[in-house]
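Below is one structure; the comments refer to it alone.
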Amino acid sequence: MAPKDVLLVACGSFNPPTIMHLRMFEIARDHLERLGQSKVIGGVMSPVHDAYEKQDLVSSGHRCSMLRLALADHDWVRLSEWECKQSGWTRTRQVLQYHQNQLNSTLNANCNSPHKRQKKFLGIDETDDVGQENFNDWIPDKLDGSCNEGPVKVMLLCGADVLESFAKPGLWNIKDIETIVSQHGLVVITREGTNPYRFIYESDVLTKHMSNIFIVTEWISNEVSSTKVRRAHRRGDSIKYLVPDSVMKYIDQNQLYVDGSNSTTNDNKYQRQSELISNRSGGIRHFSCDPSTPKRSGRVVNFKVKSHENISKMAEFLGAEFGSVGEGHELCLNEENMKRSAMNLSKVISKSTSRDCLDGRKRPLRTSKRKKSSRKVRT
Ligand SMILES: Nc1ncnc2c1ncn2[C@@H]1O[C@H](COP(=O)(O)OP(=O)(O)OP(=O)(O)O)[C@@H](O)[C@H]1O
Ligand SMILES: NC(=O)c1ccc[n+]([C@@H]2O[C@H](COP(=O)(O)O)[C@@H](O)[C@H]2O)c1
């Protein structure tokens, strides 16, 4: 039996695109083609809409620009802007359906209308054909005008974390999951800390459609993730070889991921960044980081987000500023947000900035006279 043509679609934030986002396609293609039933004719990266509001998400304009750079020399994976140009977030099943429909109609049109090159020659505008903006740059060249092609199946390419997110209450619609696995199919790349085989075993619907789910073990494991790249960049560490050089340059030129200023989720972000600081005597103070409105009122302090100081400096600062954090007291962070707090707080405070922010006047920072050991910070 001749192998079936497949188009791999990866949905995600790509915030920023990493080398692993690109590697996924290579690993998936090798695997599918080695099995002999499929021929991968193209790959598509579909960045999520800004309305998805993931933490630190920069605008789709930036993310598309970075993807364009990352894919500039790529011979078979392309950017599809359709999803992020919609009026809001689109569920993944619909994204796959859209790409499938476009492929089907391209294949039909190839057989029923003049060849695309002929159209160009005749001055027929593709945009006018459909009466709307044309987002079809992602369609593989192979289908550009040929009438001899069979159907092409659109499959979802994802990491095992996305597969496992199927179980998160309220995140995925069960009907969508069933449609994705039954009609499209899934290619899942293993990721550290996931167990896709067990996950499928524990799900009736996934087990039912197991023949359409391909788990690809990445033996050359690489735990690069956009979160880690953003974190490294924010801390001033090098991100070379984690993202394509062109993307790294773009991040620098546009000062992305330095502070929250490029994020589409600024408001929520700073709300979410609010942390609880409590002491042993039971008092709880609310600490929030808002870059725009530096002010101090009672125990509520807003700091200006500025530099990359570490969390112990933060503790030292608070200990110095507030007598109640120190001797016999404990500075602790909200359990759930512990990891993120360490990260967020680490960039929150610079001594000079916070002095300015606290009362609008510059003055030397008072250093705490209390013993360091009495200011315990949990991270
Ligand atoms: N190291 C990796 N191994 C396997 N799959 C990955 C890896 N990094 C990303 N992916 C997959 O790439 C797709 C797009 O990823 P997305 O940008 O949404 O998340 P991410 O890279 O994990 O970023 P973040 O850290 O911001 O969540 C997802 O299917 C994700 O599982
Ligand atoms: N119900 C759904 O269709 C659904 C739910 C969660 C994530 N997703 C998609 O998965 C991709 C990855 O999302 P995360 O980066 O949040 O894992 C995104 O493109 C997002 O749109 C889809």
Side-chain angles (χ1 to χ4, degrees), residues 8-28 31 43-58 60 62-64 66-67 70 77 79-84 86 88-99 155-181 184 186-196 199 214-234 239 241-243 247 256-257 263-265 269 339-340 343:
L8 296 171
V9 175
C11 294
S13 310
F14 309 117
N15 181 40
T18 70
I19 50 155
M20 229 5 239
H21 292 136
L22 303 176
R23 278 283 306 152
M24 280 202 323
F25 284 92
E26 305 295 318
I27 301 162
H31 183 87
V44 163
M45 297 176 85
S46 179
V48 77
H49 195 276
D50 290 345
Y52 192 52
E53 290 204 339
K54 205 171 161 177
Q55 176 95 10
D56 293 332
L57 192 68
V58 298
S60 56
H62 281 310
R63 289 179 290 123
C64 284
M66 289 189 278
L67 280 169
V77 179
L79 163 68
S80 169
E81 292 187 70
W82 177 81
E83 182 182 351
C84 59
Q86 300 310 293
W89 177 62
T90 306
R91 302 209 307 273
T92 298
R93 178 186 63 76
Q94 292 169 301
V95 175
L96 297 176
Q97 191 61 61
Y98 166 81
H99 288 88
M155 295 184 84
L156 178 64
L157 170 63
C158 65
D161 56 312
V162 171
L163 175 80
E164 295 192 354
S165 80
F166 285 179
K168 283 194 188 153
L171 193 57
W172 294 81
N173 180 324
I174 185 70
K175 281 201 178 130
D176 284 2
I177 294 175
E178 182 138 28
T179 305
I180 291 171
V181 287
H184 295 283
L186 265 183
V187 186
V188 180
I189 314 290
T190 54
R191 272 188 102 161
E192 207 178 78
T194 59
N195 188 343
F199 191 80
F214 299 84
I215 310 285
V216 192
T217 303
E218 168 52 317
W219 292 109
I220 313 173
S221 74
N222 187 334
E223 266 316 305
V224 175
S225 76
S226 300
T227 302
K228 290 180 182 168
V229 169
R230 292 195 302 273
R231 184 182 299 151
H233 184 68
R234 188 165 48 227
I239 56 171
Y241 308 123
L242 300 177
V243 301
V247 169
L256 302 184
Y257 312 121
S263 168
T264 56
T265 53
K269 188 179 156 206
K339 272 194 192 154
R340 211 180 52 219
M343 208 168 78

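Only a predicted model underlies this, so the values are computations on that prediction, with no experimental measurement involved. Atoms within a ligand are numbered from 1 in the order they appear, just like the ligands themselves.
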Between ligand 2 and Ser165, can you find any atom pair, the residue atom being a heavy atom, that is separated by under 4.0 Å? no
Would you say Asp176 contacts ligand 2, with heavy atoms under 4.0 Å as the rule? no
Short N or O distance, [X] and ligand 2, threshold 3.5 Å exclusive:
X     : value
Gly12 : yes
Trp89 : yes
Ser46 : no
Val48 : no
Lys54 : yes

My understanding is that we take every heavy atom of each candidate and find the minimum distance to [atom]. Doing that for [options], which one comes out nearest?
atom                    : options                       : result
atom 9 (C) of ligand 1  : Arg63, Arg191, Met20          : Arg191
atom 25 (O) of ligand 1 : Leu22, Thr227, Ile189         : Thr227
atom 27 (O) of ligand 1 : Glu223, Arg231, Lys54         : Lys54
atom 5 (N) of ligand 1  : Ala160, Ala10, Gly159, Ser226 : Gly159
atom 1 (N) of ligand 1  : Val229, Val187, Val224        : Val224

N or O pair under 3.5 Å between [X] and ligand 1:
X      : result
Ser13  : yes
Phe14  : yes
Asp161 : yes

Are the side chain of [X] and the backbone of [Y] linked by a donor-acceptor contact shorter than 3.5 Å?
X     : Y     : answer
Glu26 : Leu22 : no
His49 : Gln86 : yes
His21 : Thr18 : yes

Thr92 and ligand 2 - part of the residue with a heavy-atom distance under 4.0 Å: both
Using a 4.0 Å heavy-atom cut-off, say whether Ser13 meets ligand 2 through its side chain, its backbone, both or neither. side chain
Side-chain contact, heavy-atom cut-off 4.5 Å: [X] with [Y]?
X      : Y      : result
Trp172 : Lys168 : no
Arg63  : Asp50  : yes
Leu186 : Phe166 : yes

With a 4.0 Å cut-off on heavy atoms, is Arg230 touching ligand 1? yes
Answer yes or no for Arg23: is there a heavy-atom contact with ligand 1 below 4.0 Å? no
Salt bridge present between Arg23 and Glu218 (N-O < 4.0 angstrom): yes
Given that the side chain starts at C-beta and the backbone is N, CA, C, O, which of these parts of [X] lies under 4.0 Å from ligand 1, counting heavy atoms, or is it both or neither?
X      : answer
His21  : side chain
Met24  : side chain
Asn222 : backbone

So which heavy atom in the protein is nearest atom 28 (C) of ligand 1, and how far is it from that ligand atom? Val162 CG2, 3.8 Å
Nearest protein heavy atom to atom 11 (C) of ligand 2, by residue and atom, and its distance? Cys11 O, 3.7 Å
Numbered atoms of ligand 2 (with element) below 4.0 Å of Arg91, judged on heavy atoms: 3 (O)
